[in-house]
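Note that this is a predicted model, so its numbers are computed, not measured. We name chains A, B, ... by the order of the sequence lines, and we start the count at 1 in each one.
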Amino acid sequence: MQERYEPAAVERAAQAYWDDNKVFEAREDANQDKFYCLSMFPYPSGRLHMGHVRNYTIGDVLSRFHMMQGKSVLQPMGWDAFGLPAENAAIKNGVPPAKWTRDNIAYMKGQMKMLGLAFDWSREFATCDPPYYHWNQWLFLKMLEKGIAYRKTGVVNWDPVDQTVLANEQVIDGRGWRTGAPVEKREIPMYYLAITKYADELLGDLEKLPDWPERVKTMQANWIGKSEGCEISFPYAPDTKALMGADGALKVFTTRADTLFGVTFMAVAAEHPLALAAGAKNAQLQSFIDECRRGSTMEADIATQEKKGRPTGFHVLHPFTGQMVEVWVANYVLMAYGEGAVMGVPGHDARDYEFALKNKLPIVQVVKSKTGAYENIDPPWQDAFGDYGITMNSGEFSDLGFQQAVDEIAAALEKKGLGRKRVQWRLRDWGISRQRYWGCPVPLIHCAKCGEVPVPEKDLPVVLPEGLVPDGSGNPLNKTPSFLDVKCPTCGADARRETDTMDTFVDSSWYFMRFACPDANTMVDGRTNYWMQVDQYIGGIEHAILHLLYSRFWTKVMRDLGLVTVDEPFKNLLTQGMVLNHIYYREPAPGRRDYFNPADVEVLLDENNQRKGAILLSDNQPVEWDGLGTMSKSKNNGVDPTSFVEQFGADTARLFMMFTAPPEQTLEWSEEGVQGSYRFIRRLWKAVFDQVNAPPPADAITITEFNKGKLNAEQKELRRIAHHTLEKVTDDIGRRRSFNTAVASVMELLNAVAKFDNKPLYGRVVAHEALEIAVMCLSPMIPHVTHVLWRELGHHNALIHERWWKPDPDALVQDTVEISVQVNGKMRARVSVAADASQEAAVTAALADANVIKYMEGKPLKFSKYIAGRMVTLVV
RNA sequence: GCCCCGGUGGCGGAACUGGUAGACGCAACGGACUUAAAAUCCGUCGGUCGCAAGGCCAUGCCGGUUCGAUUCCGGCCCGGGGCACCA
């Protein structure tokens, strides 16, 4: 064994062994437990960033750990290959998206291989491969048959200069990113998937996911947003009857029917039919409606914009009092939620209150608090009273609690035919049409005679032509006759192919099922039922809602079509935190910033070890610090995985990421931390080197039942630490997924080995066993170096093929334990008691301590408790 | 604006079910080795009072529950993620 740790040689040797022996090719084996471990597949953006490395390392640690538990492990990798950046690159460089994407995949795959990840590459695919997206199209047609996929209009961002639809991220301050033209909202026909049909199940089945983070489930539940409330109809007043040309009513949905008597106005969205009809008769109102139609479609923008409204001049009637209530158009009412109209109750809703104050509308109090606050205050008071309380000023419905008021009002409305209780979901159906080239084609044909005709199954997949180069002005498929021109499958006449492609979330909604059977000539096969569910899914918290919800929905649709047996795709979910680095810059001119990579900057500390500034190493001149941010090209604070591995090796990168922060938290990059991880691996290498290169021990015998009892106290203690470490690491990786504490405990073990005297009889055997445990425990995190060290410790079997050891119960027993003693909640002493001491014995020992006696001040004991192995608490 | 999460020494973090706050690592400081540097090894390391034993303060801020709160409850401040066409 050589004394020096050389990561490049070690990693080459270990990777060669794994490749040559196809160690990570997964096999379906009915006699073994299976473990399907999946990291979210990447978008092939060009190069791996450290966030990817972190994500895949977490998955790799778990995969290797479960392999060593004797499970049949599947850890696949693929590419989420359709999407906007490829089109942007094409616009910039004139390269077809397909070529750009496939080049990126080749480069990033090389980077992944360098990291020694235990991927089964035989199952790799990209979502832009026709044999994959074939089944997007096939399932879309099945959904069309079932009525889950359907057509309706939807609102998009429209760039009037480029005559093209823009993604939200292409809208900058309300203007098109390329043209600078003010963006308009435009309604166009689109295809939708009826995810709302599954709203109840998607909400209820969150209970079937005990191993998901609570916060993700909460976010999903709030997103689905089940509200129980009332639908209420406000009949048209005569003026509105005349406008709309018929009897009718303005429908609203509310969760606060108890405030119905507080209605002082109605508000409808700019797209509401009543608004459109009124606008046609009133130029001023029409210009306000036009103003609302400009600007962003994003909810965050709508919710933060100034609340504006205009009266329509038309009225509806209150369902109980018959009073005339004026209808307003307001920019904060969303057409997509509920009925696109709300009743305005300024006394008891914060947004309505703000709106009423601004527009000088009356405010009426109809609920008072149970405690007396907000009782009969002359409006306008300082704020809306939004809490539940007791109704007042509500005719026959006064003096009721919230639930009773809602129940009685709903019943009365139902009798009049003007309302009923119902459930409203916040969740909206999923619009999947994209007016873009680089995506999966929607398999439909438009025929002048037959209308919209599905592409027959035998003609699937509809293959996307790969050589086109978008130029930013619309979808190039619309200029490609070879794609566009097609015969109608029904009547044979000339017809036109649909040019919309699918949202890329479709591609990622079932890729995890295809990894089970990437070569199948059906969508999925029996192997999918073998591998599903994904036992462990790992990815960024930014996917907590959309991707995970769409995948759950898609899985349920496939289940209902009889394609799979599972109804939830991901058993256990880990949402990993982001990787941050420091940001440094100089401002050579106002508004212009030059950013510097943290690797080229030295931090200056003051006498208290506090950061006082930083200088650029190349010129020793100061640079400004702008805090921490995600690694990005624009801030020049990225760390390139390839050059990192060349310098330190993959194991150091992996160890640093696993040790520095728990997986769910953000991770701050630190050059010193990297050095620390590298140093630890060198220490481990040196410890094994010292062990195997010392002269052969006279006591080269294993720890057996026979001689365990002959160990001295120090040897027993090292064995206890070693087996305790094994126990803790097994639990930390297997149950808690707490990799940083697992590493920390092995560090403690190695510290103990360093202090250990291996000269006496059995000493070297005990040290050898401790090092074997350290190497095994670290192997999921740093697989290359441990692969080599395991061999050096005398094992013929490769470490990845070893079964994970179980701690020796004999090694773990302790005769006495140190416990703490609290008097009246304050720590006062530590005493030693037998490990199996009773409460009585422990309390007696505690009461004998001098410091305890001092703080008891001779007072009688009122209460005592022994928390086994930890502490005694005494109250006087 | 709405939903969710987080805040602990100079720094990253630990404390798993309400029971020893600061494991492990980094930085810093002192020492050994060295012609020297690097590397390595040994030691100190929240604040404060004390010769010491030991005491007091301290987990973003304010308040509460409890024998006991980083942990539970209420209110606030700050930072981050998501908001449906970035993926």
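- Nucleotide B:rC45 forms no Watson-Crick or G-U wobble pair with any nucleotide shown, as no partner meets the under 3.5 Å limit on both distances.
- Within residues 429-442 of chain A, the residues that have a heavy atom under 4.0 Å from RNA chain B are, in order of number, A:Ser433, A:Arg434, A:Gln435, A:Arg436.
- Taking atom NE2 on A:His49 and atom C1' on B:rA87, their separation rounds to 10 Å, with Å as the unit.
- Checking the phosphate oxygens (OP1, OP2) of B:rC41, a side-chain nitrogen or oxygen of A:Arg683 falls inside 4.0 Å.
- Residue-to-nucleotide proximity on RNA chain B shows that, of A:Thr218 and A:Glu169, the 5′-proximal contact is made by A:Thr218.
- When distances run from any side-chain atom of A:Arg215 to the nucleotides B:rG25, B:rC5, B:rG19, the shortest one goes to B:rC5.
- Within the nucleic acid shown, A:Ala300 comes within 4.0 Å of at least one base atom, counting heavy atoms only.
- Atom NE2 of A:His547 is separated from atom P of B:rC85 by 15 Å (rounded to the nearest Å).
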Q: Under the side-chain hydrogen bond (donor to acceptor under 3.5 Å, both in side chains) rule, what do A:Asn851 and A:Arg830 come out as? Steps first, then yes or no, please.
A: CA-CA 10 Å; A:Asn851 212 40; A:Arg830 292 185 58 92; over 6 Å; no
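- At the heavy-atom level, A:Pro42 lies nowhere under 4.0 Å from the strands shown.
- Side-chain N/O atoms of A:Asn751 include one lying less than 4.0 angstrom from OP1 or OP2 on B:rG25.
- Within 4.0 Å of A:Phe505, counting heavy atoms only, lies at least one base atom of the nucleic acid.
- For the C1' atoms, the distance from B:rA84 to B:rC2 is 14 Å, rounded to whole Å.
- Outside the 6.0 Å centre-distance limit, the rings of A:Phe680 and A:Phe659 are not counted as a close aromatic pair.
- Look at the C1' atom in both B:rA14 and B:rG25: the space between them is 11 Å, to the nearest Å.
- Between A:Thr741 and B:rA14 there is no side-chain N or O to OP1 or OP2 distance below 4.0 Å.
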Q.
What verdict does the side-chain hydrogen bond (donor to acceptor under 3.5 Å, both in side chains) test give for A:Trp510 and A:Asn136, after you've listed the backbone C-alpha separation in whole Å, the side-chain angles of each residue and the deciding distance to 0.1 Å?
A. CA-CA 9 Å; A:Trp510 69 283; A:Asn136 286 356; 2.7 Å; yes
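- Listed by residue number, A:Arg870, A:Met871, A:Thr873, A:Val875 are the residues of residues 869-876 of chain A with a heavy-atom contact under 4.0 Å to RNA chain B.
- Of the two residues contacting RNA chain B, namely A:Gly825 and A:Phe659, the nearest-nucleotide position lying further toward the 5' end is that of A:Phe659.
- For A:Phe648 and A:Phe656, the gap between ring centers reaches or exceeds 6.0 Å.
- Between A:Phe656 atom CZ and B:rG13 atom P there is a gap of 10 Å when expressed in whole angstrom units.
- Contact between the side-chain N/O atoms of A:Arg679 and the OP1/OP2 oxygens of B:rU40 is found at a separation under 4.0 Å.
- A:Lys686 places its NZ atom 10 Å from the C1' atom of B:rC41, with the value rounded to the nearest Å.
- Residue A:Met40 is classed as having no contact, given no heavy-atom separation below 4.0 Å to the nucleic acid.
- Ring planes of A:Phe355 and A:Tyr332: perpendicular class, angle over 60° (limits at 30 and 60°).
- Among the atoms of the strands shown, only primed sugar atoms or phosphate atoms (P, OP1, OP2) are found under 4.0 Å from some heavy atom of A:Thr660.
- Distance, A:Glu664 CD to B:rG12 C1': 17 Å, rounded to whole Å.
- Surrounding NZ of A:Lys217 are more than 12 heavy atoms belonging to other residues, nucleotides or ligands, all under 6.0 Å away.
- Searching all strands for a Watson-Crick or G-U wobble partner of B:rC83 with both distances below 3.5 Å returns B:rG1.
- Nucleic acid contact class of A:Lys755 (heavy atoms, under 4.0 Å, all strands): none.
- B:rC51 and B:rA37 have their C1' atoms separated by 41 Å, given to the nearest Å.
- Note on A:Val821: nothing from the nucleic acid sits closer than 4.0 angstrom, heavy atoms only.
- With a glycosidic angle no more than 90° from 0, B:rG9 adopts the syn conformation.
- Of the P atoms belonging to B:rA27 and B:rU34, the separation is 24 Å, rounded to the nearest Å.
- By the 4.0 Å N-to-carboxylate-O rule, A:Glu354 lies too far from A:Arg351 to be salt-bridged with it.
- Contact check for A:Asn331 versus A:Ile302: no side-chain heavy atoms found under the 4.5 Å cut-off.
- Following rounding to the nearest Å, A:Leu166 (CG) and B:rA84 (P) show an atom-to-atom distance of 15 Å.
- Remark: A:Leu604 CG to A:Trp625 CH2 distance equals 13.5 Å, nearest 0.5 Å.
- Of all the heavy atoms in A:Arg436 and A:Asn475, the pair that sits closest is O-ND2, 3.3 Å.
- Searching all strands for a Watson-Crick or G-U wobble partner of B:rA37 with both distances below 3.5 Å returns nothing.
- Pairing for B:rC11 is with B:rG25, a Watson-Crick or G-U wobble pair whose two hydrogen-bonding atom distances lie under 3.5 Å.
- Base-pair partner of B:rC67: B:rG19 (Watson-Crick or G-U wobble, both distances under 3.5 Å).
- Between the side chain of A:Arg830 and the base of B:rU20, a donor-acceptor pair under 3.5 Å is found.
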**Q.** side-chain hydrogen bond (donor to acceptor under 3.5 Å, both in side chains) between A:Asp80 and A:Ser508, worked out
**A.** CA-CA 7 Å; A:Asp80 189 13; A:Ser508 56; 4.8 Å; no
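- The shortest distance between side-chain heavy atoms of A:Leu874 and A:Arg828 does not fall below 4.5 Å.
- Atom C1' of nucleotide B:rA87 and atom CD of A:Glu87 are separated by 14 Å, given to the nearest angstrom.
- At a threshold of 4.0 angstrom between heavy atoms, the contacts of A:Met502 with the nucleic acid are absent.
- Atom CG in A:Asn740 sits about 15 Å away from atom P in B:rC26, given to the nearest Å.
- Residue A:Ile819 is classed as having no contact, given no heavy-atom separation below 4.0 Å to the nucleic acid.
- Using a 4.0 Å heavy-atom cutoff across all strands shown, A:Leu84 reaches sugar-phosphate atoms only and no base atom.
- Side-chain contact check for A:Trp669 versus A:Val674: some heavy-atom pair is nearer than 4.5 Å.
- Between A:Tyr511 and A:Tyr537, the ring-plane angle classifies as tilted under the 30° and 60° cut-offs.
- On a pure distance criterion of 3.5 Å, no polar donor-acceptor pair joins the side chain of A:Glu668 and the base of B:rG12.
- Applying the Watson-Crick and G-U wobble criteria (two distances, each under 3.5 Å), B:rG6 pairs with B:rC78.
- Among the protein residues, A:Gln822 comes within range of the nucleic acid bases, having at least one heavy atom under 4.0 Å from a base atom.
- Distances shorter than 4.0 Å separate none of the side-chain N or O atoms of A:Lys826 from OP1 or OP2 on B:rG19.
- Between B:rA27, B:rC85, B:rC16, one nucleotide has an atom nearer to the side chain of A:Asp503 than all others, and that is B:rC85.
- Nucleotide B:rA58: unpaired (no Watson-Crick or G-U wobble partner with both distances less than 3.5 Å).
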(Q) At under 4.0 Å between heavy atoms, how does the protein contact nucleotides 44-54 of chain B? Give one character per nucleotide, 5' to 3', with B, S or -. (A) ----------S
